[in-house]
Amino acid sequence: GSNENIKAGSNMTLDDAEFFSISNPDIKKALTNSRALEKRSELNWLNWKEIPIPNLSKAGAGGIRPVGRFMMMDRSDSFINRLEQEINAAKSGFDGPSVHIHIFSGLSGGTGAGSFLDVCYMIKNIAGRMGGVNTYGYFFLPDVNLSKIPDSDNLTRSYIRKNGYAAM
C-alpha cells in the first residue's frame, strides 16, 4: 500500500495477519492464581511467588523478565502453529523457496528480554524441521521504549537498566 495518506507523527497499527500478540489482558490474575500455576509443571522455572504483582500493568511484563517469558510460553502452542502456517503460506506455489525470518526485540524491558530467547529457539526448531528457512536477529540495548516509562516508575526503570545485560 501507499504511505501517502499517513500523517507525520501518526501511529500505524498492524492487523492480526501481521502481528502475533503474547499479551495477557489480566496478567495479574494469571500470576496470582496459585492453584492453576501449581498444576502446570511446564512452569516449574517460574518463581511466581516472588513477582511484584502490584507493579504489573496492561503495558506488558512491567520490566520483569520472567513475566515476559511466562507470556510467551503461555501462548507458545499458538505461536508455533501460526509460524508454521506463515512459512507454508510463504512457500506455497514456489519450487524450493527460501523463507527469511527477521526477529526484532528490545532486550531491556520484561517482555522482549523474557521472550526473545525462547522465540529464537522455537523458530530455529521449526526452521530445522521445515527446511528452507533462514533466521536473523536484531536486538536492541538500551530498551527503545525507555523514554515512555514515567520517571515515577522507579521499579520498571531500574529493571530496564539491568535486563538487557542479563538477557545477553
Compare every heavy atom of [Y] with every heavy atom of [X], then report the nearest pair and how far apart it is.
{"X": "Asn163", "Y": "Ala113", "result": "CB-CB, 4.2 Å"}
{"X": "Gly112", "Y": "Leu107", "result": "O-CD2, 4.3 Å"}
{"X": "Gly109", "Y": "Arg65", "result": "O-CG, 4.2 Å"}
{"X": "Ala90", "Y": "Val99", "result": "CB-CG2, 4.0 Å"}
{"X": "Ala61", "Y": "Gly68", "result": "CB-N, 3.4 Å"}

List the atom pairs, with distances to 0.1 Å, where a side-chain N or O of residues 126-142 and a protein N or O form a donor-acceptor pair under 3.5 Å, not counting sequence neighbours.
from: Arg129; atom 1: NE; to: Asn125; atom 2: OD1; distance (Å): 3.2
from: Arg129; atom 1: NH1; to: Glu84; atom 2: OE2; distance (Å): 3.1
from: Arg129; atom 1: NH2; to: Glu84; atom 2: OE2; distance (Å): 2.9
from: Asn134; atom 1: ND2; to: Ser98; atom 2: OG; distance (Å): 2.9
from: Tyr136; atom 1: OH; to: His100; atom 2: ND1; distance (Å): 3.0
from: Tyr138; atom 1: OH; to: His102; atom 2: ND1; distance (Å): 2.9

Just verifying a value: how many Å separate [X] [atom1] and [Y] [atom2], rounded to the nearest 0.5 Å?
{"X": "Ser34", "Y": "Lys39", "atom1": "OG", "atom2": "NZ", "result": "10.5 Å"}
{"X": "Asp74", "Y": "Ser23", "atom1": "CG", "atom2": "OG", "result": "11.0 Å"}
{"X": "Ile87", "Y": "Ser92", "atom1": "CD1", "atom2": "OG", "result": "13.5 Å"}
{"X": "Met73", "Y": "Leu43", "atom1": "CE", "atom2": "CG", "result": "8.5 Å"}

| request: State which residues pass side chain to side chain donor-acceptor pair (under 3.5 Å) with Arg82; sequence neighbours excluded, sorted by chain then number. | output: Glu86

| message | Could you work out, with side chain to side chain donor-acceptor pair (under 3.5 Å) as the rule, every residue matching Asp118, not counting sequence neighbours? | response | Arg69

| task | Answer yes or no: is there a donor N or O on one side and an acceptor on the other, between the side chain of Asn33 and the main chain of Lys29, under 3.5 Å? | result | no

| Which residue pairs pass the salt bridge (charged side-chain N to carboxylate O under 4.0 Å, His left out) test with at least one member in residues 95-108, sequence neighbours excluded? | none

| message | Tell me if the CG atom of Asn44 is crowded by more than 12 foreign heavy atoms within 6.0 Å. | response | yes

A side-chain contact here means heavy atoms from C-beta on lying under 4.5 Å apart; do [X] and [Y] qualify?
{"X": "Phe70", "Y": "Trp45", "answer": "yes"}
{"X": "Leu31", "Y": "Asn24", "answer": "no"}
{"X": "Ile22", "Y": "Phe79", "answer": "no"}
{"X": "Trp48", "Y": "Pro66", "answer": "no"}

| query | For the hydrophobic clusters of this structure (ILVMFWY residues joined by side-chain heavy atoms under 4.5 Å, transitively), does one cluster hold both Phe94 and Ile101? | reply | no

| request: List the steps and the verdict of side-chain contact (heavy atoms from CB on, under 4.5 Å) for Leu83 and Met122. | output: CA-CA 9 Å; Leu83 186 58; Met122 286 185 275; 5.9 Å; no

| field | Partner set under salt bridge (charged side-chain N to carboxylate O under 4.0 Å, His left out) for Glu50, not counting sequence neighbours | value | none

| Asp26: what forms a salt bridge (charged side-chain N to carboxylate O under 4.0 Å, His left out) with it, not counting sequence neighbours? | none

